[in-house]
Amino acid sequence: MDTKLLYIEDQYQKEATGKALWHEFTDLIVDQTIFYPTSEGQPNDRGHVYIDGTEYIIVDTWSDGDNIHLMSHDTFPDDINGKEVKQVLDWDVRYLHMRFRTALKILSGLAYKMYGAAMRINQTYDDTAWMDLELDEITKEQVDELFAEANKIAKTNVDTNFSYMNREDFLKNGELMKL
């Protein structure tokens, strides 16, 4: 049973329904979800689910590799498997995370283009984000230049998008491997 990842198809989807497949106390798996789990330096989505008219606040979302687990502070009732689960994102949190992630991608692309510096690791929180560049040292002037260029790009309001590449093709592309 793999959870269908609706957030891959439409990152702007704010509500969806799914079917409860499994639960244990405060842990729920649905057949499809809009909730993004903590991964790749990005924090999880939060929001609400509604089952039989009862609201459960989702405070954590994680992946076990096959399924997405929606975690609530409240215990789910024993009889929910097979029932419809309405999912509603906390959109302000999702959108903030998306903006931070986009900013990190712009900055990392520019760091590579301007200084040949790959991004080694990054992390996003609700109020900040950071990245570690593969540079022996960076000056304040270089940081200022990087931010100035990133702000120029952000102010153009350019459309952003993403695409997927299979692992074999990725491993063959030396430039992408550096990033």
From CA spacing to verdict: side-chain contact (heavy atoms from CB on, under 4.5 Å), D64, N67: CA-CA 6 Å; D64 64 18; N67 295 293; 3.8 Å; yes
Among N122, L146, T102, side-chain contact (heavy atoms from CB on, under 4.5 Å) partner for L107: L146
Matching residue for V85 among L28, T17, L21 - test: side-chain contact (heavy atoms from CB on, under 4.5 Å): L28
Verdict with supporting geometry, L70 and V30, side-chain contact (heavy atoms from CB on, under 4.5 Å): CA-CA 8 Å; L70 308 179; V30 292; 4.2 Å; yes
Pairing residues for A103 by the side chain to side chain contact (heavy atoms under 4.5 Å, CB included) criterion, not counting sequence neighbours: none
Which residues share a ring-ring contact (aromatic ring centres under 6.0 Å, His included) with Y95, sequence neighbours left out: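 Y95 satisfies ring-ring contact (aromatic ring centres under 6.0 Å, His included) with W91 once adjacent residues are dropped.
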Listed partners of F76 passing ring-ring contact (aromatic ring centres under 6.0 Å, His included), at least two apart: Y56
Is it possible for you to say whether [X] and [Y] belong to one hydrophobic cluster, with membership spreading through side-chain heavy-atom contacts below 4.5 Å?
X: L6; Y: I51; result: yes
X: L104; Y: V143; result: yes
X: W22; Y: F25; result: no
X: I106; Y: M131; result: yes
X: I58; Y: L5; result: yes

Closest non-hydrogen atom pair between [X] and [Y], with its separation:
X: Q142; Y: E137; result: OE1-O, 4.2 Å
X: T26; Y: H73; result: CG2-O, 3.8 Å
X: G41; Y: Q123; result: O-NE2, 3.1 Å
X: A129; Y: F100; result: CB-CD2, 3.6 Å

Full working for side-chain contact (heavy atoms from CB on, under 4.5 Å) between E9 and K4: CA-CA 10 Å; E9 298 168 9; K4 182 177 180 183; 3.0 Å; yes
All side chain to side chain donor-acceptor pair (under 3.5 Å) counterparts of [X], not counting sequence neighbours:
X: E149; answer: K152
X: D52; answer: K83
X: D31; answer: none

Heavy-atom side-chain proximity of D10 to I34 below 4.5 angstrom: no
Residue pairs, two or more places apart or on separate chains, that pass ring-ring contact (aromatic ring centres under 6.0 Å, His included) and touch residues 26-54: Y7-Y36
Q87 side chain to T33 side chain, donor-acceptor N/O pair below 3.5 angstrom: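 Indeed, the side chains of Q87 and T33 share at least one donor-acceptor pair under 3.5 Å.
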Side-chain donor-acceptor pair present, E145, Y115, cut-off under 3.5 Å: yes
Give every residue pair that meets the salt bridge (charged side-chain N to carboxylate O under 4.0 Å, His left out) criterion with at least one member in [range], sequence neighbours excluded.
range: residues 155-170; result: E168-K172
range: residues 36-50; result: D45-R94, R46-D126
range: residues 105-122; result: R120-D132

State the [atom1]-[atom2] distance between [X] and [Y], to the nearest 0.5 angstrom.
X: N157; Y: I153; atom1: CG; atom2: CD1; value: 13.0 Å
X: R99; Y: T160; atom1: CZ; atom2: OG1; value: 11.0 Å
X: H97; Y: D90; atom1: NE2; atom2: CG; value: 9.0 Å

Pair K19-E84, side-chain contact (heavy atoms from CB on, under 4.5 Å): steps then yes or no: CA-CA 5 Å; K19 182 173 69 172; E84 182 177 282; over 6 Å; no
Donor-acceptor pair, distance only, cut-off 3.5 Å: does the side chain of [X] make one with the backbone of [Y]?
X: Q32; Y: T3; answer: no
X: D27; Y: H23; answer: no
X: S63; Y: I68; answer: no
X: T61; Y: N44; answer: no

Under the salt bridge (charged side-chain N to carboxylate O under 4.0 Å, His left out) test, residues paired with E15 that sit two or more places apart: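 Listed in chain order: K86.
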Remaining members of hydrophobic cluster (4.5 Å side-chain criterion), W130: I121, Y125
